[in-house]
There are 4 protein chains.
Amino acid sequence: MVIRLINKTRLEHMTKQQSILEAAKKIFSEKGYHQTTMDEIALSAQVAKGTLYYNYASKSKLFAATVTEGMEEIMANISRELESELPFIEHFRLLLSCTIRLYLQHSEVTRIYVNELSSGIDNDALTEIKNVRKKFIGFIKETLATGQERGYLKPLNRDLSALALVGIVDALCNDRLDSPTGSPDDQAADDIIDTVFTILATGMVNG
Amino acid sequence: MVIRLINKTRLEHMTKQQSILEAAKKIFSEKGYHQTTMDEIALSAQVAKGTLYYNYASKSKLFAATVTEGMEEIMANISRELESELPFIEHFRLLLSCTIRLYLQHSEVTRIYVNELSSGIDNDALTEIKNVRKKFIGFIKETLATGQERGYLKPLNRDLSALALVGIVDALCNDRLDSPTGSPDDQAADDIIDTVFTILATGMVNG
Amino acid sequence: MVIRLINKTRLEHMTKQQSILEAAKKIFSEKGYHQTTMDEIALSAQVAKGTLYYNYASKSKLFAATVTEGMEEIMANISRELESELPFIEHFRLLLSCTIRLYLQHSEVTRIYVNELSSGIDNDALTEIKNVRKKFIGFIKETLATGQERGYLKPLNRDLSALALVGIVDALCNDRLDSPTGSPDDQAADDIIDTVFTILATGMVNG
Amino acid sequence: MVIRLINKTRLEHMTKQQSILEAAKKIFSEKGYHQTTMDEIALSAQVAKGTLYYNYASKSKLFAATVTEGMEEIMANISRELESELPFIEHFRLLLSCTIRLYLQHSEVTRIYVNELSSGIDNDALTEIKNVRKKFIGFIKETLATGQERGYLKPLNRDLSALALVGIVDALCNDRLDSPTGSPDDQAADDIIDTVFTILATGMVNG
DNA sequence: GATGAATGAGCTTTCATTCAT
DNA sequence: AATGAATGAAAGCTCATTCAT
């Protein structure tokens with residue numbers, strides 16, 4: 001078992017809580033929920049195992065905290081980037097492009113988020129995670145709703161549309177992160193953004 | 001722990017292999033890979049635990065066999081339904097509609113397929129499962145390729161397009177299966193088909 | 001930590017269930033419920049730890065089984081010895097004498113039984129143990145009831161009388177077993193029997 | 001986990017030592033030694049966990065202190081009530097009645113005292129607790145000795161007699177405290193006192 | 001082919017105790 | 001005198017897998 005320790009000097013500037021969360025994010029992302037042990041996280045965060053439990057009631061709570069914290073950061077970032085006033089279609093493109101970019105950038109969290117939504121986490125924690133997902137989809141839905149109200153978007157079922165958007169993004173980003181090259185280069189991100197935008201904006205069918 | 005046994009008279013017409021696979025499908029689908037134990041599967045299939053290992057080398061191999069067999073049946077069904085000669089756009093709609101219908105119909109398998117692609121299955125078995133997914137996406141890609149070659153579809157990146165299609169279908173069907181109403185009624189399926197078709201064919205943006 | 005293994009040749013004539021129960025009886029008696037670990041019992045019974053759990057659902061269930069089985073054997077023995085037809089007062093003395101003798105003989109079980117009735121065993125198991133105690137007290141009550149009905153005994157509250165009898169026996173036997181000399185010799189048993197009989201039959205106060 | 005805090009205004013009039021002892025008494029009595037954690041005691045006593053260790057070297061020492069302090073208070077009370085000059089038989093009845101009354105009144109301490117004499121407390125502390133018990137029995141023995149010397153009581157083995165007395169009182173009071181009605185009412189106490197007095201004074205046998 | 005008792009490595013979790021502040 | 005974050009040894013329990021029958 002190879003455990004890469006978090007860079008020492010970074011650790012010194014973190015509280016234990018932070019370094020636990022950091023370590024958890026990394027290892028959950030690499031190995032998935034069930035193949036990650038609390039021992040590994042403790043080792044990687046350079047704290048005693050008891051310290052994990054002093055800060056988080058259980059493995060699943062730590063997991064939920066990891067995902068929640070990570071996704072909320074992503075959502076906050078997207079929100080910030082979308083604040084500018086732009087024509088709707090530009091706005092829509094921006095939504096897609098920054099979502100995809102942040103998905104790929106925060107690959108550790110999103111990998112967990114996309115892949116581990118089921119798989120035997122206890123119910124409390126699972127509920128918490130599903131709530132983040134709902135929040136994220138609700139967030140997308142708002143933009144779509146605005147577009148529909150102003151007549152820019154077709155009056156499709158909003159829930160399904162938002163789900164569709166998220167589904168595309170999940171699938172493409174996850175495949176990208178799974179492919180052997182590893183680090184998401186800009187070229188790949190641009191390809192994904194273009195394809196997703198074209199499909200969602202104008203569909204696949206010609207003229 | 002409630003284990004619903006498979007209907008007795010059905011069991012009598014099955015080989016042990018089949019009843020194991022049947023039981024595995026049901027339980028993996030209900031509880032996910034990690035929360036399913038070999039004891040439960042044996043109990044539900046009404047065979048001894050040793051018999052599981054007599055037929056499948058390990059839990060993960062049994063899991064892989066379950067998914068593979070299930071998805072291949074779905075793919076065969078889709079192929080069969082697509083054999084008729086139709087104008088391309090009708091063909092495309094048919095692809096979507098029967099994919100979605102079969103996804104919802106075979107909810108046990110597809111639930112597993114969508115949710116458990118990561119999560120700590122050993123590598124051999126994981127590879128096998130990923131191969132089924134590749135096969136499925138390749139299968140979608142073919143139809144898209146035909147459409148592009150004949151000029152019906154825009155010349156988008158084919159891999160990404162196929163992934164996008166599968167991603168939308170995964171997301172919408174899984175959400176449907178997850179929602180409290182439980183049994184997938186036709187109304188819901190039709191909604192999904194319409195929305196997916198509209199989006200993929202003509203996009204979300206108006207005129 | 002010193003674990004005395006059960007005599008090898010005896011082990012060969014036992015089923016694993018029996019040797020587990022035997023080992024559990026010995027170790028629970030020596031160290032009490034909480035200081036006994038499942039590892040120790042497994043080691044002493046010469047089975048794997050998993051085997052304990054294959055046969056008993058939990059530590060507390062194993063404990064309950066140990067006490068129940070042991071006490072029921074004692075009760076069966078007392079019953080057998082009381083079958084003869086004797087004048088009531090002889091019968092009463094016999095009840096006391098064989099109870100005390102068997103308490104001291106089966107010191108492993110009775111030590112557990114007297115000392116561990118509270119102390120944090122989970123509720124299911126605790127209920128089971130308390131039921132054995134009730135059964136034992138009920139058993140004593142019957143003899144007292146007979147004596148009262150026939151006019152040999154004073155019409156005292158039967159529950160309290162039975163409790164009193166058991167309380168005296170518990171206290172004296174337990175003190176005896178606790179005292180450094182260890183092995184309960186006949187002299188001590190006879191002293192206890194005489195004292196208990198005198199007190200319970202005729203009281204402490206002089207004529 | 002429900003922790004009832006000690007009444008605030010009472011707390012203000014106590015030293016930390018006292019409030020720790022008070023909290024310990026309550027919680028040890030409710031849950032037994034092993035199911036009580038130092039966290040709970042600290043919480044209930046409204047001090048930090050470190051403060052527990054500042055005042056008592058270990059959990060078992062705190063436990064021993066709790067029992068010792070409580071039992072010594074009971075013994076002091078009994079002594080005080082027995083100071084009056086009475087005919088021996090009245091004196092004997094008074095010994096029983098005030099012992100039983102105080103047992104039931106101080107149910108928190110006596111419950112601990114009766115139930116937790118074994119169960120894995122470390123040896124130093126255990127010795128201390130056993131000493132209190134010896135002291136209590138010695139205390140009873142004195143009264144019995146006086147009675148024997150003056151010819152009021154039969155010349156039975158004094159140790160065993162004292163043990164018998166304590167055994168009866170333990171068993172009846174503990175059963176009473178364990179029974180669902182909860183609060184020990186006077187009726188119950190009187191029943192116990194009468195029964196115990198009759199049995200110990202004149203025995204169970206008629207005429 | 002089929003069985004199920006037996007295994008033991010490995011996991012999460014608990015909690016008395018310590019010690020820098 | 002008092003604190004409470006941090007510790008880590010130790011425990012109960014799970015379950016995929018094996019193998020004698």
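Every chain is numbered from 1, with letters handed out A, B, ... down the list of sequences.
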Between [N] atom [atom2] and [X] atom [atom1], what is the distance in whole Å?
X        : N       : atom1 : atom2 : answer
Leu62(D) : dA16(E) : CG    : P     : 11 Å
Lys16(C) : dA20(F) : NZ    : P     : 13 Å
Phe63(A) : dT13(E) : CZ    : P     : 14 Å
Ile41(A) : dT13(E) : CD1   : P     : 11 Å
Asp39(C) : dA10(F) : CG    : C1'   : 9 Å
Tyr53(A) : dA16(E) : OH    : C1'   : 18 Å
Tyr56(A) : dA6(F)  : OH    : P     : 11 Å
Met38(D) : dT7(F)  : CE    : P     : 20 Å

Next on the checklist: So if I take every side-chain heavy atom of Thr37(A) and compare against dT7(E), dT12(E), dA2(E), which nucleotide ends up nearest?
Outcome noted: dT12(E)
Item to check | Tyr54(B) side chain, from C-beta outward: closest of dT12(E), dA2(E), dC13(F) | outcome: dA2(E)
Item to check | Chi angles and distances behind the side-chain contact (heavy atoms from CB on, under 4.5 Å) call for Lys26(C), Ser44(C) | outcome: CA-CA 9 Å; Lys26(C) 195 181 59 188; Ser44(C) 165; 3.6 Å; yes
Item to check | Upstream residue (5' side of DNA chain E) when Asn55(B) and Asn55(C) are each assigned their closest nucleotide | outcome: Asn55(B)
Item to check | Contact check, side chains of Ile129(A) and Met71(A), non-hydrogen atoms, under 4.5 Å | outcome: no
Checklist entry - Is there a donor and acceptor pair closer than 3.5 Å between the side chain of Lys49(D) and the base of dT3(F)? => result no
Checklist outcome for this item: DNA chain F nearest-nucleotide lookup for Ala57(B) and Ala48(A): closer to the 5′ end is Ala48(A)
Checklist entry - Where each residue is assigned the nucleotide of DNA chain F containing its nearest heavy atom, which of Ser60(C) and Leu52(A) is assigned the position nearer the 5′ end? => result Leu52(A)
Next on the checklist: What verdict does the salt bridge (Lys or Arg N to Asp or Glu O under 4.0 Å) test give for Lys61(C) and Glu128(C), after you've listed the backbone C-alpha separation in whole Å, the side-chain angles of each residue and the deciding distance to 0.1 Å?
Outcome noted: CA-CA 9 Å; Lys61(C) 294 281 191 206; Glu128(C) 197 178 332; 5.0 Å; no
Checklist entry - Does the ring of Tyr53(B) carry Lys59(B) above it, NZ/CZ under 6.0 angstrom from centre and within 45° of its axis? => result no
Checklist outcome for this item: The Watson-Crick or G-U wobble partner of dT21(E), with both key distances under 3.5 Å, is dA2(F)
Item to check | Parallel, tilted or perpendicular: ring planes of Phe63(C) versus Phe28(C), cut at 30 and 60 degrees | outcome: perpendicular
